[in-house]
Every structure is written in structure tokens, then in C-alpha cells.
Enquirer: 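Have a look at this one.
Protein chains get the first letters and strands the later ones, always in sequence-line order, with residue 1 at the start of each. In this text, all values refer to a predicted model and were calculated from it rather than measured experimentally.
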Amino acid sequence: MSKNGKILVAMSGGVDSSVAAMLLHEQGYDVIGITMKVWDYASFGGTTKETGCCSLDSINDARYLAVQLGFPHYILDLREDFEKHVISNFISEYKNARTPNPCVLCNTHIKWEALLRKADMLDCEFIATGHYAFINQLQDRFYISKGNDEIKDQSYVLWGLTQQSLSRTMFPLNIYSKTEIKEMALNSGYDAIAKKSESYEICFIPDNDYRGFLKRRVDDFDAQFPEGNFVDKNGKILGKHKGLPFYTIGQRKGLDIAMGVPYYVVDIKKSTNEVVLGEKEALYSDSTELIGVNLHKYAEITDGMDVLVKVRYKDPGTAAKLFNKNGGIEVVFNNPVSAITPGQSAVFYEGKDIIGGGFIR
RNA sequence: UGUCCCAUGGUGUAACGGUAGCACACGGGUUUUUGGAGCCCAUAGCCAAGGUUCGAAUCCUUGUGGGACAA
């Protein structure tokens, strides 16, 4: 493919992806804008407020930019894929008393795999997104590195991308900071887009009430997730909980239990329908196991490898060693880490480079 | 039934007779491409009725509600 070939740009309607498309267009690429429709708010009347990436407003904003700059824009209906890969996992994880990490799956399967299928159809070799990160290549391996804007680093949610996906990806915002991108949007006259607030909450649950969402999606919710006991580590009953999906490891708020010192969710026991509570100290552990591992920079992990591991999105990371174990990876931290949560992702780095990641067992 | 002890926000507790404070919980905000954490702010109380005193959560009396001894 020539340098200035066709490229598919995923446009959410937000500043980041808008400027990404703009930059590529300026650089002479043959840009095709795509806005993915992964969810239908109207069919799940939790709220009329549409704040997520699939709202009409967002689609319109993306289209407006495409029209202004003069490149084609399509809407891609990925609701089925989204249901299959993201929603179903979201529900089953809660059923298993785990805490799902939908953004990671959405990136891997929707924003990349499904989008690349569309790219094939449109004869595009590359796709681009508005992430603040670098794609690098080391011999035959492709890997993501953190962007220059560390506070805006999104690499944590990108660990699941396959080599195939990575080899066809471009991140036009890699060298920029969020502030610079906003300025570019303003300077180009896209004030409305530049001033949009950051997205937050789970995109398919705009009212942020994910228990309400589960209630609507799970048959006989009350029977599946009955009330039960809060207990301490010795099994002493401390109070009543409202059903396992209301809790996640490390949670403090909403326990409605006054112990004189802060109490946190330390464990969630599906077998006995108990939520174990304890003090902050009880949250620390010094190792964890990962499943569904995907590797970026190296084709395999050598036992004892030194890395930095992030265990949640906003986590500065903890030095650790990796070991192959039972087809997954065991992470042994140099210092204890708080609230390691089953279902969340652990991503390991070497400097700014992603070595790989996996789901916490 | 006799003696003794206790009673303070939603919970657990402080306050020589001199402005009722703390922790936790709850609520709000901040933050964030997930959940959670963190940080900031706020609401809220002297069991009841009398009395002593310039002044009572504090001392006295009675009542009410708990608890411990006592047969």
C-alpha cells in the first residue's frame, strides 16, 4: 500500500478521533470515517439521556466533520457483535461473581476485529483510532507503547489486540497530548467537539446503573442474585448484602456498615453467597494468576522476567516477575498490591512497551 | 420483686458544671474509555419531665428503656 492510501478511521464523535481523522486527512491519506453503532439506547429504556459513543449526536458530530473535510463517512452496525462479545461476557462475569472489564473486550473484538473486517471490504489496509499510544515493531512483533501524554495513557485497555490487528493499526495522536489535541480542534473551528466532556461510565449503561441493567437482562434476577450475609474473615456475620453483583473487590461505598474504621470488600464467595469484609490491610496480596493472555512485544514469556504490572486502569504499576503456569501466567509482585480483582485486566510493561496482558483469574 | 450500672447524630464512642467533638455509615462533588479506590464538602445527636445553678450532657428527683447481680 502506498503511503497515502486508504485508511479507515474509527470516529466516535469525540475530540480525539475527530482530530485523528483530521490529521490523517491533512497528511494526504484517503480517509474513510466509520462510526460504529454497537448499542441501541432506545430499546433499553433505562434513560433517554444519550451520552455514550452510540448516540445520535455522536454520529452526527462525526458525520459533520467528514462532510466538512470532504471524506466519506459510514455507520457500521455492530450491535450483534457487541452483544456476542461484550454484553454476554458482562453478564456471565457477574453471574460468576467476577467484575467484568467490557472496554477491553470491546477494543479487541469490536473496535479492531470487526472494524478490520469492514476495512477489508472497503479495501483499506489500515485502520486508525484516536488513542494516545504508539504502535512499534520489533523484528516480526508488533506492540503498543504508552503515548507521550502519560496521564491520558489508554494502553491498559488495548492489551487484547492481536498481532494481526496491531500490524494494521495507526495511532495518529501518538506524539500529542490531550491539551494539544483540544487546541487543534479549536483552531480548526470545531469548538463544540473540543468542548465535549470526557466520556465516562460504561458506554452501554449511560445511567450508570449496571445493576438495573442486569435486572433487565437477566431472567429471574432476584433468584439468581439473592441477598446474603456480609461476614468477616472468620465467618462472623456482620450484616446483609443485597446480592453479589452489587459488590466488587476493594469496594468501600455502599456497604452500609459502620465498623468504626473503613471496611472493604475482600472476597466474594459464590458458593456460599457471602461477601467477605475486612480492613484495608486485608486487601493486599503478592501474586495473582492470569488467563486469556495475549502477548505484544515478545512471542513468549521467559520465567522470572521482570516487568511492571498494572492491575487496574489508573494504576501506576508495580514491579513484578512473570512465570508461565498452567497455560496462563503467574504474576509475583515485588511489593503487595491492593484489591486485585478477578475479571479485571493485568497488563505488563517493559518501560513504555506492552509485553502483554491477561484477565485476573 | 430488692440492690447496682448504663442511656449523646444512622452506628460506635468523647466532652474538670462553661461553644457537644471524633471515627464509621449515609448524601453530594472531584476523577475516569470498565468496576473499585483516593481526595473534597455537607447533613445529622445530649431518652422524657421536673429541680439546683449566672450557666447542666455533666449534680438531684421521678419516669421510661436496656444490662448485671440477688432467689
Side-chain angles (χ1 to χ4, degrees), chain A residues 10-17 20 36 38-39 51-55 58 82 85-87 89-91 93-94 96-108 110-112 129-133 147 149-160 171 173 178 196-206 208-211 213-214 230 238-240 244-268 275 277-284 310-316 337-347 357 359-360:
Chain A
M11 300 176 68
S12 68
V15 223
D16 300 333
S17 57
M36 290 172 278
V38 300
W39 188 247
T51 57
C53 54
C54 302
S55 69
S58 303
F82 194 73
H85 290 289
V86 181
I87 303 286
N89 168 271
F90 185 80
I91 293 169
E93 286 289 77
Y94 271 116
N96 288 318
R98 293 158 59 85
T99 305
N101 203 172
C103 293
V104 168
L105 290 172
C106 177
N107 283 329
T108 305
I110 309 302
K111 288 187 184 162
W112 264 268
T129 68
H131 288 92
Y132 294 84
D149 191 346
E150 282 264 350
I151 59 166
K152 217 24 218 180
D153 175 46
Q154 296 157 320
S155 59
Y156 175 79
V157 288
L158 298 173
W159 66 264
F171 290 141
L173 305 190
K178 180 85 186 185
K196 275 192 182 179
S197 56
E198 302 268 327
S199 64
Y200 55 111
E201 75 244 335
I202 304 174
C203 77
F204 54 92
I205 308 179
N208 217 12
D209 177 17
Y210 67 87
R211 283 100 183 186
F213 175 84
L214 287 172
F230 283 129
L238 301 175
K240 271 227 165 311
L244 264 24
F246 285 75
Y247 309 95
T248 185
I249 306 297
Q251 179 175 337
R252 172 181 174 181
K253 294 274 179 188
L255 303 181
D256 209 355
I257 199 158
M259 287 284 139
V261 294
Y263 259 54
Y264 301 84
V265 173
V266 169
D267 197 7
I268 300 177
V275 175
L277 267 30
E279 296 185 28
K280 197 179 189 65
E281 295 70 42
L283 286 171
Y284 286 89
K310 288 173 93 167
V311 134
R312 46 176 44 76
Y313 185 61
K314 287 284 178 199
D315 177 4
V337 173
S338 180
I340 297 174
T341 309
Q344 294 293 293
S345 298
V347 184
F359 289 107
I360 296 164

Enquirer: Below 4.0 angstrom from OP1 or OP2 of B:G35, is there any side-chain N or O of A:N208?
Expert: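 Checking B:G35 against A:N208, a side-chain N or O does come within under 4.0 Å of OP1 or OP2.
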Enquirer: Mind checking if A:L283 touches a base, just sugar-phosphate, or nothing, with heavy atoms under 4.0 Å?
Expert: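 No contact at all - A:L283 keeps every heavy atom at 4.0 Å or more from the nucleic acid.
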Enquirer: Expressed as a whole number of Å, how far does the P atom of B:A7 sit from that of B:C60?
Expert: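 That atom pair is separated by 13 Å.
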Enquirer: Are the aromatic ring centres of A:F213 and A:Y94 under 6.0 angstrom apart?
Expert: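 No: the rings miss the under 6.0 Å criterion.
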Enquirer: Please give, in whole Å, the distance from B:C24 P to A:L277 CG?
Expert: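 After rounding, the gap between these two atoms is 15 Å.
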Enquirer: Test side chain to side chain contact (heavy atoms under 4.5 Å, CB included) on A:K111 and A:T129; report intermediate values, then the result.
Expert: CA-CA 9 Å; A:K111 288 187 184 162; A:T129 68; 5.7 Å; no
Enquirer: Send over the distance from A:I268 CD1 to B:G36 P, rounded to a whole Å.
Expert: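 Result: 12 Å.
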Enquirer: Within this structure, what is the CD1-to-C1' distance between A:I249 and B:U34, rounded to whole angstrom?
Expert: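 Going from CD1 in A:I249 over to C1' in B:U34 covers 16 Å.
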Enquirer: Before giving the answer on side chain to side chain contact (heavy atoms under 4.5 Å, CB included), spell out for A:W39 and A:V86 the whole-Å C-alpha distance, their side-chain angles and the decisive distance to 0.1 Å.
Expert: CA-CA 11 Å; A:W39 188 247; A:V86 181; over 6 Å; no
Enquirer: Do A:N101 and A:Y156 have side chains that get closer than 4.5 Å, going by heavy atoms?
Expert: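 Of all side-chain heavy-atom pairs linking A:Y156 with A:N101, at least one is under 4.5 Å.
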Enquirer: On a whole-Å scale, what distance lies between the P atoms belonging to B:A48 and B:U8?
Expert: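 Result for the P pair: 11 Å, nearest Å.
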Enquirer: How about A:C203 and A:F82: do any of their side-chain heavy atoms sit closer than 4.5 Å?
Expert: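 Heavy-atom side-chain distance check passes, below 4.5 Å.
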Enquirer: With rounding to the closest Å, how many angstrom separate the P atoms on B:A68 and B:G9?
Expert: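 Rounded to whole Å, the distance is 22 Å.
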Enquirer: Return yes if some donor-acceptor pair links the side-chain N/O of A:N89 with the main-chain N/O of A:H85 below 3.5 Å, else return no.
Expert: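 It does not hold such a pair.
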Enquirer: Which part of the nucleic acid, if any, lies within contact of A:V157, taking any heavy atom under 4.0 Å across all strands shown: a base, the sugar-phosphate backbone alone, or nothing?
Expert: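 Contact class for A:V157: base.
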Enquirer: Between B:C24, B:G35, B:U32, which nucleotide has the shortest distance from any of its atoms to the side chain of A:K152?
Expert: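 Given the options B:C24, B:G35, B:U32, the side chain of A:K152 is closest to B:U32.
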Enquirer: For A:K314 and B:U30, what is the distance between atoms NZ and C1' respectively, to the nearest whole Å?
Expert: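 Going from A:K314 (NZ) to B:U30 (C1'), I get 14 Å.
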Enquirer: With side chain to side chain contact (heavy atoms under 4.5 Å, CB included) as the test, would you mind laying out the steps for A:R252 and A:Y263 before giving the verdict?
Expert: CA-CA 6 Å; A:R252 172 181 174 181; A:Y263 259 54; over 6 Å; no
Enquirer: B:G12 and B:A71: how far apart are their P atoms, nearest whole angstrom?
Expert: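 Approximately 33 Å lies between the P atom of B:G12 and that of B:A71.
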Enquirer: Rounded to whole Å, how long is the line connecting atom CZ of A:F246 with atom P of B:G36?
Expert: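 Spelled out: CZ on A:F246 to P on B:G36 is 12 Å.
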Enquirer: Polar atom pairs between nucleotides 37-39 of chain B and protein, under 3.5 Å, N or O only, would you list them?
Expert:
| from | atom 1 | to | atom 2 | distance (Å) |
| --- | --- | --- | --- | --- |
| B:A37 | OP1 | A:R252 | N | 2.9 |
| B:A37 | OP1 | A:K253 | N | 2.8 |
| B:G38 | OP1 | A:R252 | NH1 | 2.9 |
| B:G38 | OP1 | A:Y264 | OH | 2.7 |

Enquirer: Could you tell me the separation between the CD atom of A:E279 and the P atom of B:C24, rounded to a whole number of Å?
Expert: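 For the pair A:E279 CD and B:C24 P, the rounded distance is 12 Å.
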Enquirer: How many angstroms lie between atom CD1 of A:I110 and atom SG of A:C103, to the nearest 0.5 angstrom?
Expert: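 With rounding to 0.5 Å, CD1 (A:I110) is 12.0 Å from SG (A:C103).
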Enquirer: Counting distance alone, no hydrogens or angles: does the base of B:G35 have a donor or acceptor under 3.5 Å from a partner atom on the side chain of A:T341?
Expert: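 By the distance-only test, yes, there is a pair.
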Enquirer: To the nearest angstrom, how far is A:K310 atom NZ from B:U32 atom P?
Expert: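 A:K310 atom NZ is separated from B:U32 atom P by 14 Å.
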Enquirer: For B:C46 and B:U53, measure between their P atoms and round to the nearest Å.
Expert: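 The answer is 25 Å between these two P atoms.
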Enquirer: Please report the distance separating the C1' of B:C69 from the corresponding atom of B:U52, rounded so that it comes out in whole Å.
Expert: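 The answer is 32 Å between these two C1' atoms.
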Enquirer: Answer yes or no: is there an ion pair linking A:K240 with A:D256, defined by an N-O contact shorter than 4.0 Å?
Expert: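 Answer for the salt bridge query: no.
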Enquirer: Determine whether A:Y132 and A:D16 satisfy the following criterion, side-chain hydrogen bond (donor to acceptor under 3.5 Å, both in side chains), listing intermediate values before the conclusion.
Expert: CA-CA 9 Å; A:Y132 294 84; A:D16 300 333; 2.7 Å; yes
Enquirer: Name the nucleic acid region contacted by A:F90, choosing base, sugar-phosphate or nothing; use a 4.0 angstrom heavy-atom cut-off, strictly under.
Expert: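 The residue A:F90 makes no contact with any strand.
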Enquirer: Measuring from the side chain of A:P102 (C-beta onward, heavy atoms only), which nucleotide among B:G36, B:A25, B:U34 has the closest atom?
Expert: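 Output: B:U34.
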Enquirer: Identify, between A:M259 and A:K111, the residue whose nearest nucleotide on RNA chain B lies closer to the 5' end.
Expert: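 Of the two residues, A:M259 wins.
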Enquirer: Expressed as a whole number of Å, how far does the C1' atom of B:U32 sit from that of B:G10?
Expert: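 B:U32 and B:G10 have their C1' atoms separated by 31 Å.
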Enquirer: Tell me the interatomic distance from A:R98, atom CZ, to B:G36, atom C1', rounded to whole angstroms.
Expert: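 So the CZ-C1' distance, A:R98 to B:G36, works out to 15 Å.
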Enquirer: If you find the nucleotide of RNA chain B closest to A:N101 and the one closest to A:Y263, which residue's nucleotide is nearer the 5' end?
Expert: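 The answer here is A:Y263.
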Enquirer: Are A:L283 and A:I249 close enough that some pair of their side-chain heavy atoms sits under 4.5 Å apart?
Expert: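 A side-chain contact under 4.5 Å exists here.
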Enquirer: Of A:F359, A:W112, A:Y313, which meets ring pair (Phe, Tyr, Trp, His ring centres under 6.0 Å) against A:W159?
Expert: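 Testing A:W159 for a ring pair (Phe, Tyr, Trp, His ring centres under 6.0 Å) against A:F359, A:W112, A:Y313 leaves exactly one candidate, A:F359.
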Enquirer: What distance, rounded to whole Å, do you find between the two P atoms, one in B:A20 and one in B:A25?
Expert: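 Each nucleotide's P atom is 26 Å from the other's.
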Enquirer: Taking the side chain of A:C103 as heavy atoms from C-beta outward, which of B:C26, B:G36, B:U34 is closest to it?
Expert: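 So the nucleotide nearest the side chain must be B:U34.
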Enquirer: Dot-bracket notation for RNA chain B is requested: 5' to 3', Watson-Crick or G-U wobble pairs only, both distances under 3.5 Å, with ( ), [ ], | and . as defined.
Expert: (((((((..((((....[..))))..((((.......)))).....(((((..]....)))))))))))).
Enquirer: Would you mind telling me which of B:U34, B:G36, B:C26 lies closest to the side-chain atoms of A:Y313?
Expert: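 That would be B:U34.
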Enquirer: Is A:Y156 touching bases, backbone alone, or none of the nucleic acid, heavy atoms closer than 4.0 Å?
Expert: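 Here A:Y156 touches the bases of the nucleic acid.
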